[in-house]
Asks: 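My structure is below; once you've seen it, I'll send some questions.
All values derive from a computational prediction rather than experimental measurement.
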Amino acid sequence: MKKRAIFLDRDDTLIVNIPYLGDASQVTLISGAIEAVQYWKSEGWLLVLVSNQSGVGRGLITKEQVAEVNREMYRQLGIDEFDGEYMCYAAPGDPYGSEERKPSPIMLQQAAEEMGIDLAASYMIGDKDIDVECGHNAGCKSIFVLTGQPGDGQELAKNQADFVAENVGQAADWVREQSE
């Protein structure tokens, strides 16, 4: 039997976005993140981190710094790690790896294949239009959280998302309602 998953963007979805964050001491969780993760874990959802980290491709941070930030995020969330972690380190337009960047569904499809995930029974949650588009491109339901920076694409994301949430905690409440 295939499993269901919650695919989560990192920056401005789970943690406050500091552009090209490479210092784990600056990790601050978004309101509602702990409760959301605890709920999904208790209900048996697979949790999969899906993030574009172009700072690596731009030479501004290293893969190890991204990993340190992720470890600190997990520590603050009260867990060892998510069930899966899929990162695209390519900068936009980079000929090596940029085809994986969200809104491409490649990272979600790869996770589904490797982890036995039913994409149609899963959710993609993020703060940008590319997160909403990525989820839909993969066949998931998409939730747009309003914890990101206002900018281009927000109205599009609000209109295309299956649900618009104040934060990831409210997204978890909506997933709970859909699952009952």
Asks: When the ring centroid of Phe7 is compared with that of Tyr123, is the distance short of 6.0 Å?
Replies: no
Asks: State whether a side-chain donor-acceptor pair under 3.5 Å links Glu85 with Tyr74.
Replies: yes
Asks: Is a salt bridge present between Lys41 and Asp83, judged by a nitrogen-to-oxygen distance below 4.0 Å?
Replies: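 Looking at Asp83 together with Lys41, the answer is yes, because their closest N to O distance falls below 4.0 Å.
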Asks: Kindly confirm or rule out a cation-pi arrangement of Arg176 over Tyr39, judged by NZ or CZ under 6.0 Å from the six-membered ring centre and within 45° of its axis?
Replies: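 Judged by the rule (NZ or CZ under 6.0 Å from the ring centre, within 45° of its axis), Arg176 counts as positioned above Tyr39.
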Asks: Among Val145, Val168, Asp11, whose side-chain contact (heavy atoms from CB on, under 4.5 Å) with Asp127 holds?
Replies: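 Filter result, single survivor: Val145.
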Asks: Identify whether Ile143 and Tyr86 are in the same connected component of the hydrophobic contact network (ILVMFWY, side-chain heavy atoms under 4.5 Å).
Replies: no
Asks: Would you call Lys63 and Glu68 a salt bridge, taking side-chain N to carboxylate O under 4.0 Å as the test?
Replies: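 Salt bridge: no.
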Asks: Starting from the C-alpha separation in whole Å, work towards a yes-or-no answer on side chain to side chain contact (heavy atoms under 4.5 Å, CB included) for Trp45 and Ser179.
Replies: CA-CA 11 Å; Trp45 289 86; Ser179 302; 3.6 Å; yes
Asks: Hey, mind stepping through Leu8 and Val48 against side chain to side chain contact (heavy atoms under 4.5 Å, CB included) and telling me if it holds?
Replies: CA-CA 6 Å; Leu8 290 149; Val48 182; over 6 Å; no
Asks: Please report the interatomic distance CD1(Ile6) to CG(Leu49), rounded to the nearest 0.5 Å.
Replies: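 With rounding to 0.5 Å, CD1 (Ile6) is 13.0 Å from CG (Leu49).
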Asks: Please confirm whether the backbone N or O of Met87 pairs with a side-chain atom of Ser51, one donor and one acceptor, at under 3.5 Å?
Replies: no
Asks: Begin with the C-alpha distance, continue with both residues' side-chain angles, and end with the deciding distance and a verdict on side chain to side chain contact (heavy atoms under 4.5 Å, CB included) for Gln26 and Glu72.
Replies: CA-CA 9 Å; Gln26 294 183 321; Glu72 177 59 18; over 6 Å; no
Asks: Once rounded to the nearest 0.5 Å, what's the spacing between atom CG of Leu146 and atom CG of Asp12?
Replies: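 Between atom CG of Leu146 and atom CG of Asp12 there are 11.5 Å.
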Asks: Find out if a path of hydrophobic residues (ILVMFWY) with successive side-chain heavy-atom gaps under 4.5 Å connects Phe144 to Ile130.
Replies: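 As far as the 4.5 Å side-chain criterion goes, Ile130 and Phe144 are not connected within one cluster.
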Asks: Using only heavy-atom distances, determine whether the side chains of Thr62 and Glu64 contain a donor-acceptor pair under 3.5 Å.
Replies: no
Asks: Considering the options Ile15, Leu14, Ile18, Val16, which one meets the side-chain contact (heavy atoms from CB on, under 4.5 Å) requirement together with Val27?
Replies: Ile15
Asks: Quick check against the 3.5 Å criterion: does Ser104 have a side-chain atom that pairs as donor or acceptor with the backbone of Ile106?
Replies: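 Yes, Ser104 side chain to Ile106 backbone: donor-acceptor pair under 3.5 Å.
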Asks: Strictly by modelled atom types, are Ser54 and Asn52 linked by a side-chain donor-acceptor pair under 3.5 Å?
Replies: no
Asks: Check the pair Leu21, Ile61 against side chain to side chain contact (heavy atoms under 4.5 Å, CB included), reporting the backbone distance first and the verdict last.
Replies: CA-CA 8 Å; Leu21 179 59; Ile61 55 174; over 6 Å; no
Asks: Would you say the side-chain atoms of Arg4 pair up with the backbone N or O of Ile117, donor to acceptor, closer than 3.5 Å?
Replies: no
Asks: Go through the side-chain N and O atoms of Gln109 and Glu113 and say whether any donor and acceptor fall under 3.5 Å apart.
Replies: no
Asks: Is there a donor-acceptor contact under 3.5 Å from the side chain of Gln170 to the main chain of Glu166?
Replies: yes
Asks: Specify the closest pair of heavy atoms between Arg58 and Ala91, including all atoms of both residues, with the distance to one decimal.
Replies: CG-CB, 3.9 Å
Asks: Is it true that Lys102 and Asp131 make a salt bridge, defined as a side-chain N closer than 4.0 Å to a carboxylate O?
Replies: yes
